[in-house]
A.B. asks: 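Take this structure, written in structure tokens, and hold onto it; I'll ask about it next.
Heavy atoms only: backbone and side chains are in, while hydrogens, waters and symmetry mates are out. Every chain is numbered from 1, with letters handed out A, B, ... down the list of sequences.
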Amino acid sequence: MLTDDLNNMQKEAVLNINGPLLLLAGAGSGKTRVITYRIAYMVEQGINPFNILAITFTNKAAKEMKERVNKLLDDNGVWISTFHSMCVKILRQYINYIDYDNNFIIYDTDDSEKILKESIKELNLSDKMFPTKKVMSIISEKKDKLITPLEFEKEAFGDNIQSKMAEIYKLYQSKLKESNALDFDDIIFKTIELFKKNNDILEKYQSRFMYIMVDEYQDTNTSQYVLIKLLSQKNNNICVVGDDDQSIYAWRGANIMNILNFEKDFPGAKVIKLEQNYRSTQNILDVANSVIKNNITRKDKSLWTSNPVGEKIFYSKLKNDIEEGNFIVKKAQELKQKNYNYNDIAILYRQNSMSRILEEQLLKSNIPYRIVGGVKFYDRKEIKDVLAYLKVIFNPKDTISLKRIINVPKRGIGNTTVEKINNFTINNKINFFEALNNLDMIPDLGSKFNDLLEFRNLILYFRNFSEENTISELINEVLEKTNYLEELKQEYSEESFARIENIESFIDKAISFEELSEDKSLRKFLEDISLLSDIDNLNDTDDQITLMTMHSSKGLEYPIVFLPGLEEGIFPSYRSIVSPSKKELEEERRLCYVAITRAKEYLYITSTNSRMHNGKIIYNEKSRFLDEIPKELLFEIYKDNKKKLDNSGISQYSFTKKFNDSLDMNLDGKNYKDNYNLKPPTKVDIDFKVGDEVRQIKYGIGTVVQIDNAGADYEVTVDFKFNGRKKLMANLSKLKKHN
DNA sequence: CTCCTTTGTCTTTTT
DNA sequence: GACAAAGGAG
């Protein structure tokens, strides 16, 4: 029997397939299992898999769910995808019904911000009064609420600033359309518009999707809610799965009311709570519960487990962020000795910038690690450049990408020339590429005429080339004909080598796309990339420690979890503390709950006395979340295992804080010892001498001229091949011997 | 037009 | 501290 390995509540959730159902699934309560079993049960009941839709939030989650469903049902046609890829699929087929071109491209945040900036400039508005990011979030908010530029205009009537805002929105939207592009919000917005204006298309999908399931419902925004409501109207078999305690994307428009009001929105809804946790030890769960119960806005529930009590939660207060990194490294090594793999370990931090120091410590100790997020692969300059070429080749209307590459690599077409063409396009209401096709009509181009003509012909050549060749061949051709790769090679710096490597792995990705994808078109390739997130690429085959933000960790689990930086101002963040509304702090607390519940067996929490933050040293008190954890669940670890700081409020720590930090400058380490048993900074090792060749990340390769003592470090004078003579600190600037 | 210096910004980011 | 954008000199 299919339901044999389910508990009673899970069973009920699986068997209730008709009518609206709200499944409140706590962390680690086996919700993915319930969803997949539920799908299998439907099919068992004779429902055609073709009539089932399951929506997830990440491609990774979709992929995993597909795999698990495939294990239960072979050869099924269940539609499992993210909101965005589902909508893109629909729009590719029907967007011409609302007067768009079916070959649209998708603009990422970066592209969108650029055309927004242009719009603000074009309307002669000051970017002080209308900062791009701020305006962007307002437009995004409007789109989420399904408000068109015209509606916004009406709504804003009489209010000067709002009217201007509406004007910007209008221009931004028309620029998107001219570029034949959709931004992320449009993907949902336009699908709804399509459905509302074309009832027959809506009905087609309503009839197809007789059974709908939505995962991570607490993170849906208003437009996604409307979409779901539209699609489920006819058959009313809608099941949403979520956990209000894990709602951590309100700042991005996620509407927690979607889940809190589900029973009102879908009358007759049944509610099932999954409260048994199969993931974590009792202690970890107790800690999570003790924190989250301080939130006021939440549905009442309490997770329990029949798992063993487990170890206490380890807590350690360290002197600074470097010591914190050291501590984690040491514990990780200990755990590795105890037959754990590095794979079992995750370090979850509040903000990406915290990864740097951790990385340095791991690197120093030769512990393998991988970082999720941070500077994303597809956000790297060189990748964006190559991608911009591909985008223009596919869609010459893509003016943003066109402007990006028109002078990359440098071909003497600077801002002045671009502005001239720009004015021409505005005056003649044509797009940028059309202007390039009519160069002889543009005044004052002078000697740039030929450069522009050459550039246009290059793009046309690539367009032809792309019709006969594969994507990887096209990329190679672009790199070759533009001299892009050659220039990087000439630069001969560590940085340029890294860029070349990235480009090579981009080509690898293109090749594997050619091998794996059914649809091998450039269009599909570009689409896949724009809908991809970092977490989707997370592979866990190598034995490495995983580093990521707490946000990215949602939905994942690790036997061992480290949570560094549990400090006021870091976590909870400074902004959430000073915010007059309690909402932000509650979201931070939910984030804390998410982070804690990632751990299965061991949880290590650390805070520090001081850390480097935005370029200066800051001093933080330990996080209020730590105070919310009952003392008996915590096991405090001290550096020397002898001196115990007393646990009552004022620690010896804050007392000696000022004194010790003033010693930071003192290279004589003895003074630390009493309280922290820290080692004095040891003299750094250098493996080169005068006359050797060395490498430096920014300046490249050079010859050592002179080495001077400078405290724990050395001041090294280097003659760089391409950058002349520089004086550098060996350790600080990461000088390395070049072989 | 390009290169170099100064100035400003810096939560989180499933798509 | 790291990076991008803006401003200024050649």
Side-chain angles (χ1 to χ4, degrees), chain A residues 55-62 81-88 106-110 112-114 117 127-128 131-133 136-137 140 144 182-188 215-216 218-221 223-224 246-254 321 348-354 356-357 360 372-376 378-379 381 407 410-419 446-448 451 527-536 538 548-556 565 569-577 579 584 587-588 590-591 594-595 611-617 697-698 732:
Chain A
I55 299 176
T56 61
F57 261 80
T58 61
N59 295 306
K60 183 171 184 262
S81 80
T82 63
F83 270 107
H84 291 259
S85 42
M86 173 184 80
C87 290
V88 168
I106 299 158
Y107 269 174
D108 64 19
T109 321
D110 219 61
S112 308
E113 270 174 14
K114 274 194 185 133
K117 208 166 191 175
D127 46 4
K128 286 272 179 300
T132 319
K133 289 229 161 82
M136 197 69 199
S137 77
S140 180
D144 175 39
L182 300 185
D183 66 13
F184 282 130
D185 298 311
D186 280 342
I187 294 174
I188 312 288
D215 196 9
E216 307 283 13
Q218 75 281 354
D219 291 326
T220 48
N221 59 28
S223 58
Q224 288 163 341
Q246 292 188 64
S247 159
I248 53 174
Y249 285 105
W251 53 273
R252 270 190 67 193
D321 42 1
L348 311 179
Y349 35 77
R350 179 62 241 264
Q351 40 191 94
N352 276 317
S353 60
M354 290 165 72
R356 220 196 84 242
I357 299 236
E360 273 170 24
V372 180
V375 184
K376 297 189 196 73
Y378 291 105
D379 279 350
K381 184 182 172 299
N407 202 27
K410 303 239 165 3
R411 42 176 82 85
I413 305 172
N415 250 330
T416 333
T417 314
V418 170
E419 263 323 292
S447 66
K448 301 296 166 200
D451 296 331
E527 180 181 310
D528 277 6
I529 286 171
S530 41
L531 294 179
L532 209 69
S533 77
D534 253 25
I535 200 97
D536 297 332
L538 184 63
M548 66 183 129
T549 62
M550 296 168 174
H551 281 89
S552 318
S553 75
K554 205 175 71 172
L556 305 174
I570 300 285
F571 188 43
S573 70
Y574 177 71
R575 280 167 83 119
S576 69
I577 293 172
S579 163
E584 291 191 39
E587 179 147 318
E588 294 282 306
R590 290 193 293 268
L591 183 59
V594 168
R611 75 169 62 239
M612 196 67 140
H613 189 65
N614 289 354
K616 26 180 207 290
I617 295 173
I697 202 148
K698 190 169 168 194
L732 216 63

A.B. asks: Between Arg252(A) and Lys133(A), who's closer to the 5' end of DNA chain B by nearest nucleotide?
C.D. replies: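 Mapping each residue to its closest nucleotide by heavy atoms, the 5'-most match is Lys133(A).
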A.B. asks: With nearest nucleotide decided by heavy atoms, which residue, Leu531(A) or Ser353(A), maps closer to the 5′ end of DNA chain B?
C.D. replies: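 Checking each residue's closest nucleotide, the 5'-ward one belongs to Ser353(A).
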A.B. asks: Lys117(A) has a side chain; which of dT13(B), dT11(B), dA6(C) sits nearest to it?
C.D. replies: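 It is dA6(C).
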A.B. asks: With sugar-phosphate meaning primed atoms plus P, OP1 and OP2, does Phe83(A) contact a base, only sugar-phosphate, or nothing at under 4.0 Å between heavy atoms?
C.D. replies: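 Counting heavy atoms under 4.0 Å across all strands, no contact is made by Phe83(A).
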A.B. asks: Would you mind reading off the distance between Ile577(A) atom CD1 and dT11(B) atom C1', rounded to a whole angstrom?
C.D. replies: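 In whole Å, dT11(B) C1' lies 12 Å from Ile577(A) CD1.
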A.B. asks: Considering only dT14(B), dG1(C), dT11(B), which nucleotide approaches the side chain of Met612(A) most closely?
C.D. replies: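 Side chain of Met612(A) sits closest to dG1(C).
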A.B. asks: Please work out if Thr549(A) contacts a base, only the sugar-phosphate, or nothing of the nucleic acid, heavy-atom cut-off 4.0 Å.
C.D. replies: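 It contacts sugar-phosphate atoms only.
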A.B. asks: Grab the CG-P distance between Asn614(A) and dT12(B) for me, whole Å please.
C.D. replies: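 Answer to the nearest Å: 10 Å.
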A.B. asks: Is a side-chain donor or acceptor of Lys448(A) paired with a backbone partner of Gly412(A) at a separation under 3.5 angstrom?
C.D. replies: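 Indeed, once roles are kept as given, a pair shorter than 3.5 Å links the two residues.
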A.B. asks: In dot-bracket notation, what is the pairing pattern of DNA chain B, taking Watson-Crick (N1-N3 plus N6-O4 or O6-N4) and G-U wobble (N1-O2 and O6-N3) contacts under 3.5 Å, with [ ] crossing and | for other strands?
C.D. replies: ||||||||||.....
A.B. asks: Apply the test side chain to side chain contact (heavy atoms under 4.5 Å, CB included) to residues Arg356(A) and Met612(A): give CA-CA distance (whole Å), side-chain angles for both, the deciding distance (0.1 Å), then the verdict.
C.D. replies: CA-CA 11 Å; Arg356(A) 220 196 84 242; Met612(A) 196 67 140; 5.8 Å; no
A.B. asks: Counting N and O atoms only, with roles assigned by atom type, does the side chain of Asp185(A) sit under 3.5 Å from a partner on the main chain of Asp144(A), one being a donor and the other an acceptor?
C.D. replies: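 Side chain of Asp185(A) to backbone of Asp144(A), a donor-acceptor pair under 3.5 Å: no, none is there.
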A.B. asks: Would you kindly give the NE2-to-P distance between His551(A) and dT13(B), to the nearest whole Å?
C.D. replies: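 The answer, rounded to whole Å, is 7 Å.
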A.B. asks: Quick one: which protein N/O atoms are closer than 3.5 Å to N/O atoms of nucleotides 1-6 of chain B? Pair and distance per line, please.
C.D. replies:
residue: dC1(B); atom: OP1; partner: Gly414(A); partner atom: N; Å: 2.5
residue: dC1(B); atom: OP1; partner: Thr417(A); partner atom: OG1; Å: 3.1
residue: dC1(B); atom: OP2; partner: Thr416(A); partner atom: N; Å: 3.1
residue: dC1(B); atom: OP2; partner: Thr416(A); partner atom: OG1; Å: 2.3
residue: dT2(B); atom: OP2; partner: Asn407(A); partner atom: ND2; Å: 3.2

A.B. asks: Which label fits dT11(B), syn or anti, where anti is any glycosidic angle not within 90° of 0?
C.D. replies: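 For dT11(B), whose glycosidic angle is within 90° of 0, the conformation is syn.
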A.B. asks: At what distance, to the nearest 0.5 angstrom, does CZ of Arg590(A) lie from CD1 of Ile248(A)?
C.D. replies: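 Reported to 0.5 Å precision, the distance equals 9.0 Å.
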A.B. asks: With a 4.0 Å cut-off on heavy atoms, is Glu588(A) in touch with a base, just the backbone sugar-phosphate, or nothing at all?
C.D. replies: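 Contact class for Glu588(A): base.
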A.B. asks: Would you please determine if the base of dT11(B) is stacked by Tyr574(A), with stacking meaning a centroid separation under 5.5 angstrom and planes under 30 degrees?
C.D. replies: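 Per 5.5 Å and 30° rule: no stacking.
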A.B. asks: Roughly how far apart are Thr56(A) OG1 and Met86(A) CE, rounded to 0.5 Å?
C.D. replies: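 Rounded to the nearest 0.5 Å, the OG1-CE separation comes out at 10.5 Å.
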A.B. asks: Looking at Asn352(A), does any N or O in its side chain come under 4.0 Å of the phosphate oxygens OP1/OP2 on dT13(B)?
C.D. replies: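 For dT13(B), OP1 or OP2 has a side-chain N or O of Asn352(A) closer than 4.0 Å.
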A.B. asks: Got more than 12 heavy atoms from elsewhere within 6.0 Å of OH, Tyr574(A)?
C.D. replies: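 For Tyr574(A), atom OH is not crowded (no more than 12 foreign heavy atoms under 6.0 Å).
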A.B. asks: With a 4.5 Å cut-off on side-chain heavy atoms, are Ile55(A) and Ser81(A) touching?
C.D. replies: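 No, their side chains stay 4.5 Å or more apart.
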A.B. asks: Please give, in whole Å, the distance from dT13(B) P to Gln246(A) CD?
C.D. replies: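 It is 16 Å, rounded to the nearest whole Å.
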A.B. asks: Who are the side-chain hydrogen bond (donor to acceptor under 3.5 Å, both in side chains) partners of Ser573(A), not counting sequence neighbours?
C.D. replies: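 Partners of Ser573(A) by the side-chain hydrogen bond (donor to acceptor under 3.5 Å, both in side chains) criterion, ordered by chain and then number, come out as Ser576(A).
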A.B. asks: Please name the residue in the list Leu182(A), Ile188(A), Asp186(A) that meets the side-chain contact (heavy atoms from CB on, under 4.5 Å) test with Cys87(A).
C.D. replies: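 Passing option: Ile188(A).
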